[in-house]
Protein chains: 2
Amino acid sequence: MLKLSKKVEYGLIAIRHIASVNNQISTVKEISEKYSIPSDVLAKVMQKLTKGKLITSHQGAMGGYTLARGADQISVMNVISVIEGSQMGIAQCFSEEPENCSIYLNCTIKNPLGKIQHNLELVFNSMKVSEIV
Amino acid sequence: MLKLSKKVEYGLIAIRHIASVNNQISTVKEISEKYSIPSDVLAKVMQKLTKGKLITSHQGAMGGYTLARGADQISVMNVISVIEGSQMGIAQCFSEEPENCSIYLNCTIKNPLGKIQHNLELVFNSMKVSEIV
DNA sequence: TTAAATACGACTTGTGTAGTCCTATTTCAT
DNA sequence: ATGAAATAGGACTACACAAGTCGTATTTAA
């Protein structure tokens, strides 16, 4: 409950790692070994980060990944959105189909949860990966 | 990912409801019908809120629940902690056994996630159920 | 041509959430 | 006393999602 997924953690670690080596090209093998992350899982994460244009992939031998922009331009929220594939929402109201929520009509906590949601977005948006030192 | 559980939502709705009827005794049946919440599930939630001393139970016929303190004295964080039975943590580091985390030793994001954790706690602590109107 | 790397889909397993069912206990009202 | 209305609480099922594994294709430098 209210936990970040391992994928998001791995993504943050990977981006932070690339930034820490001055954006030199880094491979899945290298990162997964250094931080004890299952390489297949990390590979998928990197592919999502690539599709989300947070990092750039370099295929083929001697390939790997570099950042697509400065680490100070990548927020934790960016990483969450790209990896999860949807907007973060603390309740159904704020993500997928709100109407499908079983208590939608009689729900009395939509508004206050909306305030919380807003505050959480502030927190995740303001935290940049560059602060992850 | 990063969602509140239905149990927590139900708990917030229930507490808010009791407050809205001026702390008159309210039953599971009444609340579950009004807000279309499965009554068995709500019953368990109410029992946890009782054990957590956020509400007071009145057993037997004509029984039900009242608030144990003012709605302005009950934070969303109180409800989360009591219902989930453990401290909210956005990563393993901040809840159960941190050492069991597969990447604990090499984890480079413990500190920054700690900052996020702290900010989230501020948000959830400062939001009281009385604001849920 | 080969080796090292990313790309990507299919599958398995594990965990946790949500919900159901059943029974026991308490207490009010008749 | 008895029955009805309420809370208390354990056991179980179903399902969704997270995490991880496996296999194969594609790209590219040497």
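Each chain gets a letter, A, B and so on, in the order the sequences are listed, and its residues count up from 1. Quantities reported herein were computed from a predicted structural model and do not represent experimental measurements.
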Practice problem: Considering just the side-chain nitrogens and oxygens of B:Y65, establish if one lies under 4.0 Å of OP1 or OP2 belonging to D:dA8. | Solution: yes
Self-check item: Non-hydrogen side-chain atoms of B:M1 and A:S86 separated by less than 4.5 Å
Solution: no
Exercise. Please tell me which of the listed nucleotides, C:dA18, D:dT7, C:dC28, lies nearest to the side chain of B:K6?
Key: C:dA18
Quiz item: Of the nucleotides C:dA18, C:dC8, D:dT28, which has the atom closest to the A:A61 side chain?
Solution: D:dT28
Quiz item: Using a cut-off of less than 4.0 Å, is there contact between a side-chain N or O of A:Y10 and OP1 or OP2 of D:dA18?
Solution: no
Practice problem: Give the nucleotide from the list D:dT7, C:dT6, C:dG19 with an atom nearest to the side chain of A:V28. | Solution: C:dT6
Quiz item: Are a donor atom and an acceptor atom from the side chains of B:N23 and B:T66 found within less than 3.5 Å of each other?
Solution: no
Quiz prompt | Spacing between A:I25 atom CD1 and C:dA4 atom C1', to the nearest angstrom | solution = 12 Å
Quiz item: With no angle test and no hydrogens, is the base of D:dG9 tied to the side chain of B:K51 by a donor-acceptor pair under 3.5 Å?
Solution: no
Quiz prompt | Nucleotide C:dC21, atom P - distance to CG of B:D40 in whole Å | solution = 8 Å
Quiz item: B:L4 CG to C:dA18 P: how many Å, rounded?
Solution: 10 Å
Quiz prompt | Base of D:dT21 paired with side chain of A:K44 (donor-acceptor, under 3.5 Å) | solution = yes
Quiz item: Should B:E33 and B:K29 count as an ion pair when the cut-off is N to O under 4.0 Å?
Solution: yes
Practice problem: Verify the contact: side-chain N or O of A:S57 to OP1 or OP2 of C:dA7, cut-off strictly under 4.0 Å; return yes or no. | Solution: yes
Exercise. Using heavy atoms to find the nearest nucleotide of DNA chain D for B:M1 and A:P38 separately, return the residue whose nucleotide is more 5′.
Key: B:M1
Quiz item: For the pair made of CD in B:Q92 and P in C:dG16, what is the distance, rounded to whole Å?
Solution: 10 Å
Quiz prompt | Spacing of A:M62 atom CE relative to D:dA30 atom P, expressed in whole Å | solution = 6 Å
Quiz prompt | Cation-pi geometry met for B:K44 and B:Y10 (6.0 Å, 45°) | solution = no
Quiz prompt | Along DNA chain D (nearest heavy atom to each residue), the more 5'-positioned of A:V41 and B:K29 | solution = B:K29
Quiz item: Shortest non-hydrogen contact from B:S102 to A:K6?
Solution: OG-NZ, 4.1 Å
Quiz item: So which one's nearest nucleotide on DNA chain C is more toward 5', A:T27 or B:E84?
Solution: A:T27
Quiz prompt | Integer-rounded Å distance: D:dC17 P and A:L2 CG | solution = 16 Å
Practice problem: Please tell me which of B:S5 and A:H58 maps to the more 5' nucleotide of DNA chain C, matching each residue to the nucleotide holding its nearest heavy atom. | Solution: A:H58
Exercise. Round to the nearest Å and state the distance from B:K48 atom NZ to D:dT7 atom C1'.
Key: 16 Å
Exercise. For B:L49 and D:dA8, give me the distance from atom CG to atom P, rounded to whole Å.
Key: 11 Å
